[in-house]
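Heads up, the thing below is written out as structure tokens.
Every chain is numbered from 1, with letters handed out A, B, ... down the list of sequences.
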Number of protein chains: 2
Amino acid sequence: MVYTSEYPFVYVTVDIVVLTIRDDALQALVVRRAEEPFKNRWALPGGFVGEREDLELAALRELREETDVSPGEVRLEQLKTYGAPDRDPRHRVVSVAFLAVLPAGPTPTAGTDAAEASWVPVDDLLSRGRLAFDHGQILADGVERARAKLEYSNLALAFVGREFTIADLRRVYETVWGRDLDAGNFHRKVTGATGLVRATGRQRAQERGRPAELFTAGSAISVHPPLTREVLR
Amino acid sequence: MVYTSEYPFVYVTVDIVVLTIRDDALQALVVRRAEEPFKNRWALPGGFVGEREDLELAALRELREETDVSPGEVRLEQLKTYGAPDRDPRHRVVSVAFLAVLPAGPTPTAGTDAAEASWVPVDDLLSRGRLAFDHGQILADGVERARAKLEYSNLALAFVGREFTIADLRRVYETVWGRDLDAGNFHRKVTGATGLVRATGRQRAQERGRPAELFTAGSAISVHPPLTREVLR
DNA sequence: ACAAAAGTGTTGAGCGTACACCCATGG
DNA sequence: CCATGGGTGTACGCTCAACACTTTTGT
């Protein structure tokens with residue numbers, strides 16, 4: 001099939017920054033490129049937008065081609081659009097980037113696709129700067145967005161499963177921000193924010209120490225007052 | 001010229017939410033559509049992205065075709081990308097929306113283009129919902145972004161000229177947020193935020209009352225601590 | 001009994017809001 | 001001298017960070 005147009009056009013793709021926490025580290029999903037350009041380099045998962053496909057659905061479809069995540073347990077939001085004329089050496093490609101966050105548990109590295117896919121700590125990906133195209137910048141923007149949204153939104157809940165303890169949630173903040181938080185103050189703040197989490201009444205035994213109460217997500221989307229990641233000393 | 005492709009493609013445009021303050025109201029720039037669809041309806045300024053043109057430059061070019069604003073006095077940032085398959089009844093069009101903020105003074109309604117362009121209060125545009133395509137949603141998203149960014153960024157400075165008084169700045173907040181602020185506390189907070197504004201030492205006579213000191217923009221991009229638009233009573 | 005983790009109490013410092021008050025100008 | 005808007009002082013209440021302390025489990 002050959003498509004024709006009287007106006008200049010560009011290819012539109014979606015690229016997805018998929019974040020999760022594995023092994024106490026913030027990790028991103030990357031796929032090994034099988035072809036030039038950037039052959040054998042890591043790239044963000046993504047692909048072309050279908051002819052009559054909504055952008056968000058395209059991102060969700062690409063995500064499901066790389067992971068076995070179900071739509072219900074992934075948080076997906078639009079990040080930014082990247083359209084520098086030379087960002088792809090072959091064609092003019094405008095890419096709408098998305099940020100996806102999912103819980104670590106139920107999603108193995110997987111990949112029904114033939115391409116090799118892997119979870120890699122974002123610190124490694126960012127410091128060594130080996131991603132294809134401008135995906136290093138996209139990843140950096142996605143990570144920064146996630147860090148910022150922990151402050152005032154319930155994004156942290158997307159990193160944990162349906163049931164979680166307050167300490168689970170605190171470890172999300174500590175991992176994403178790279179900073180230890182006071183356990184007591186964190187507990188008070190999170191349980192005190194109206195509607196953020198809801199107690200189940202049940203408990204979960206820890207490896208060591210007192211069992212922790214289990215919570216589920218509440219109805220609140222934003223956190224008031226916000227948590228702060230700045231060190232104020 | 002006819003362009004061909006082996007993959008499905010979409011048209012890519014930019015649309016711009018241009019905000020300023022005129023007559024003590026937050027106003028947006030809109031253009032009257034001369035053709036179907038949505039003939040004679042207001043639309044946001046915008047147009048096709050050039051073949052080898054960066055997205056931001058395309059937005060800047062379109063902006064200059066509708067106003068006589070110079071690049072130095074406009075604040076332009078990417079807002080969001082809109083790509084629902086049926087948002088334009090003719091073709092598949094993905095639009096990268098931008099938010100532009102400019103000072104009221106030096107920019108008359110103008111328009112070198114033949115199309116009729118006009119400043120209209122955003123309250124009118126949003127409440128009567130007569131904008132073409134999904135531009136009502138884009139405008140709403142842009143206004144919300146501006147309202148949010150006043151809290152923690154120096155975006156308010158883009159609404160005033162190079163030299164301004166603290167009261168000028170306060171009126172920006174009051175107009176955009178639709179809420180009166182305490183003049184004394186606002187003064188302290190803005191002048192106390194490190195690097196946000198810089199005193200010139202000169203003054204400007206008011207119509208009535210004590211003359212106000214003139215300030216220019218400082219080097220800080222973000223405001224710490226943030227101002228708050230919530231009413232806490 | 002001890003270690004470890006969950007969760008609660010307490011306290012002092014800092015900040016924001018409200019509002020009183022002073023300052024500088026035009027009429 | 002009065003009205004008006006710019007700008008400062010002050011006091012009360014609230015929140016946060018720090019950290020002591022209690023609770024509840026496994027070993």
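Electrostatic pairing of A/Arg198 and A/Glu213 does not count as a salt bridge here, judged by no charged N lying under 4.0 Å from a carboxylate O.
Mapping B/Arg208 and A/Ile166 onto DNA chain C via the closest heavy atom, the residue that lands nearer the 5' end is A/Ile166. Take the nearest nucleotide of DNA chain D for A/Gly184 and for A/Gly209: the residue whose nucleotide is more 5' is A/Gly184.
The base of D/dG5 lies outside donor-acceptor range of the side chain of B/Arg170, with no N or O pair under 3.5 Å. Judged by distance alone with a 3.5 Å cut-off, a donor-acceptor contact links the side chain of A/Arg188 to the base of C/dG9.
Of the options B/Leu57, B/Val18, B/Leu60, a side chain to side chain contact (heavy atoms under 4.5 Å, CB included) to B/Leu76 is made by B/Leu60 and by none of the others.
Residue B/Phe215 contributes atom CZ, which lies 11 Å from atom C1' of D/dG6 at whole-angstrom precision. Nucleotide C/dG26 holds its P atom 11 Å from the CD atom of B/Gln203, rounded to whole Å. As a whole-Å value, the separation of A/Gln206 CD from D/dT27 P is 13 Å. The separation between B/Asp182 atom CG and D/dT10 atom P is 16 Å, rounded to whole Å. When the C1' atom of C/dA24 is taken as reference, atom CG of B/Leu214 falls 15 Å away, rounded to whole Å. Put simply, CG on A/Leu169 is 12 Å from P on C/dG7, counting in whole angstrom units. The CG atom of B/Leu181 sits 16 Å away from the P atom of D/dG7 (whole-angstrom rounding). Note: CD (B/Glu207) to C1' (D/dA3) measures 14 Å, nearest angstrom.
For B/Ala167, whose side chain is taken as the heavy atoms from C-beta onward, the closest listed nucleotide among D/dG6, C/dA6, C/dT25 is D/dG6. Distances were taken from every side-chain heavy atom of A/Pro225 (C-beta onward) to each of D/dA17, D/dA18, D/dC16; the shortest belongs to D/dC16. In the set D/dA17, D/dT24, D/dG6, D/dT24 carries the atom at the smallest distance from any side-chain atom of A/Pro211. Of the listed nucleotides (C/dT17, D/dA17, D/dG5), D/dG5 has the atom at the smallest distance from the side chain of B/Arg210. Comparing D/dT24, C/dA24, D/dA18 against the side chain of A/Asn185 picks out D/dA18 as the nearest.
A donor-acceptor contact closer than 3.5 angstrom is absent between the side chains of A/Asn40 and A/Arg130.
For B/Ala212, the side-chain contact (heavy atoms from CB on, under 4.5 Å) test picks out B/Thr165, B/Gln206, with sequence neighbours left out.
Taken to the nearest 0.5 Å, the CG atom of A/Leu19 stands 9.5 Å off from the CZ atom of A/Arg147.
In this structure, A/His187 does not reach the C/dA6 phosphate: none of its side-chain N or O atoms is under 4.0 Å from OP1 or OP2.
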